[in-house]
Amino acid sequence: MKTLKEQTDAKMEAGRQANPEFMKGIDTEIAKAKEFEQGANALKIGDVAVNFELPNQQGNLISLSDLLEKGPVVVTFYRGDWCPYCNLQLRALQARLDEIQALGATLVAISPQVPDGSLTKSEISEMNFTVLSDQNAKVASQYGVAWEVPEFLLEHMRKDRNLDLQQINNGNGTVLPIPATFIINKDGIVVWNYVNVDYRTRSEPEEIIEALKKLV
């Protein structure tokens, strides 16, 4: 089985072959984001995790504090079910979900996407972990992973992919989370994280599992 990096690298290479100018533009925007250290304010190992209460796909409110009563929580921020890199990551996590849960952890995936019919019908809705909606990116901001999407990328979404973030995210048309992952122990402390403003790269499920093993 291919690693997640092998899958995302293949996706990037396919993108470079199909649309080299766009991918070159994304490289430039990511370089700018790294230069300005976007994501540098993300919660770090040893920080107290910010509690949140967000709706799931059925509109029921789920809080971090309640989840922590059961054990450690893996919180991963993703852009939306329309993002192919996010889908690769979430499929990879779903494939290792039994191992994550066997270590006593709960996996939570958070995006700004509205928990309506469109998300209910998506592939993500069929996965066996908790999916929450952070429509105004408030929680992403509290975790230091909110990203003001550059106009270059917004224009690509509108024109080439027919994506309207304003509608998908219920009014939030410019802010997406950096696809970051945090492991929070049962005491509410961040014990592991992965933050990279390049949305084309993600943490490996194996790394998450190894970090969870250290909590057992």
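Note that the numbering runs from 1 along the sequence shown for the chain. Excluded from the calculations below are hydrogen atoms, water molecules and symmetry mates; all remaining heavy atoms, backbone and side chain alike, are included.
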If two hydrophobic side chains count as joined below 4.5 Å and joins carry through other members, does Val197 share a cluster with Phe152? yes
Only one of Asn172, Asp81, Asn170 passes side-chain hydrogen bond (donor to acceptor under 3.5 Å, both in side chains) with Gln113; say which it is. Asp81
Quick check: is Leu4 connected to Met127 through a chain of hydrophobic side chains (ILVMFWY, heavy atoms under 4.5 Å apart)? no
When rounded to the nearest 0.5 Å, the distance separating CZ of Phe52 from CG of Leu132 is 6.0 Å
Look at the side-chain heavy atoms of Ile, Leu, Val, Met, Phe, Trp and Tyr, link any pair under 4.5 Å apart, and say whether Ile189 and Val108 land in one connected group. no
Is there a path of hydrophobic side-chain contacts, each under 4.5 Å between heavy atoms, that joins Phe129 and Ile209? yes
Between the main-chain N or O of Val191 and the side-chain N or O of Asn185, is there a donor-acceptor pair closer than 3.5 Å? no
Interatomic distance, Leu107 atom CG to Gln101 atom CD [nearest 0.5 angstrom]: 8.0 Å
For the atom pair CZ (Arg16) and CG (Asn19), what is the distance rounded to the nearest 0.5 Å? 11.0 Å
When you look at Asn169 and Leu176, which way does the side chain to side chain contact (heavy atoms under 4.5 Å, CB included) test go after all the steps? CA-CA 9 Å; Asn169 298 339; Leu176 291 174; 3.8 Å; yes
Could you tell me whether the side chain of Leu165 reaches within less than 4.5 Å of the side chain of Trp82, counting heavy atoms only? yes
pair Pro177-Pro112: side-chain heavy atoms closer than 4.5 Å: yes
Side-chain contact test, heavy atoms from C-beta onward, threshold under 4.5 Å: evaluate it for Leu153 versus Tyr199 and give yes or no. yes
Pick from Arg96, Lys5, Lys213: which one makes a salt bridge (charged side-chain N to carboxylate O under 4.0 Å, His left out) with Glu206? Arg96
Please examine the side chains of Thr181 and Gln89, heavy atoms only from C-beta on, and report whether any two atoms are closer than 4.5 Å. yes
Where is the tightest heavy-atom contact between Leu68 and Gly188, given as atom of each residue plus distance? CD1-CA, 3.8 Å
Are there more than 12 heavy atoms of other residues, nucleotides or ligands under 6.0 Å from atom NZ of Lys44? yes
Any side-chain to backbone donor/acceptor pair from Asn87 onto Cys83? Under 3.5 Å, distance only. yes
Is the shortest heavy-atom distance from the side chain of Ile110 to the side chain of Thr76 under 4.5 Å? no
Grouping I, L, V, M, F, W and Y whenever their side-chain heavy atoms are under 4.5 Å apart, do Leu67 and Val50 come out in a common cluster? yes
Atom CG of Leu93 and atom OG of Ser203: how far apart are they, to the nearest 0.5 Å? 6.5 Å
Does the side chain to side chain contact (heavy atoms under 4.5 Å, CB included) test come out yes or no for Leu163 and Ile168, once each step is laid out? CA-CA 8 Å; Leu163 288 171; Ile168 293 171; 3.9 Å; yes
Any non-hydrogen side-chain atom of Thr201 less than 4.5 Å from a side-chain atom of Tyr194? yes
Check: Thr174/Glu148 side-chain N/O donor and acceptor closer than 3.5 Å: yes
As a test of understanding, state which of Leu88, Asp27, Asp9, Thr8 forms a side-chain contact (heavy atoms from CB on, under 4.5 Å) with Arg200. Asp27
Heavy-atom donor-acceptor pair, Asn51 side chain to Ser65 backbone, under 3.5 Å: yes
Got a second to check how far Ile183's CD1 is from Leu212's CG, nearest 0.5 Å? 4.0 Å
If you look at every heavy atom in Asp134 and Ala140, which pair is closest and at what distance? OD2-N, 3.0 Å
Does a salt bridge link Arg158 with Glu151, judged by any charged N lying under 4.0 Å from a carboxylate O? yes
How far apart are the closest heavy atoms of Ala42 and Val145, and which atoms are they? CB-CG1, 3.9 Å
If every non-hydrogen atom of Leu61 is compared with every non-hydrogen atom of Pro55, which pair is closest and at what distance? CD2-N, 3.7 Å
Check this for me: Asp187, atom CG, are more than 12 non-hydrogen atoms of other residues, nucleotides or ligands nearer than 6.0 Å? yes
Would you give the length of the straight line joining atom CD1 of Ile62 to atom CD of Gln57, rounded to the nearest 0.5 angstrom? 10.5 Å
Show the nearest heavy-atom pair for residues Arg161 and Pro84, with the distance to one decimal. NH1-CD, 3.8 Å
Test item: Val73 and Leu64 side chains (from C-beta on) under 4.5 Å apart, heavy atoms: yes
Should the pair Phe182 and Phe77 be assigned to parallel (<30°), tilted (30 to 60°) or perpendicular (>60°) ring geometry? perpendicular
Of all heavy-atom pairs linking Leu54 and Ser133, the shortest is CD2-O, 3.4 Å
Quick one: are Tyr78 and Val131 in side-chain contact, heavy atoms under 4.5 Å? yes
Side chain Asn41, main chain Gly144, donor-acceptor under 3.5 Å: no
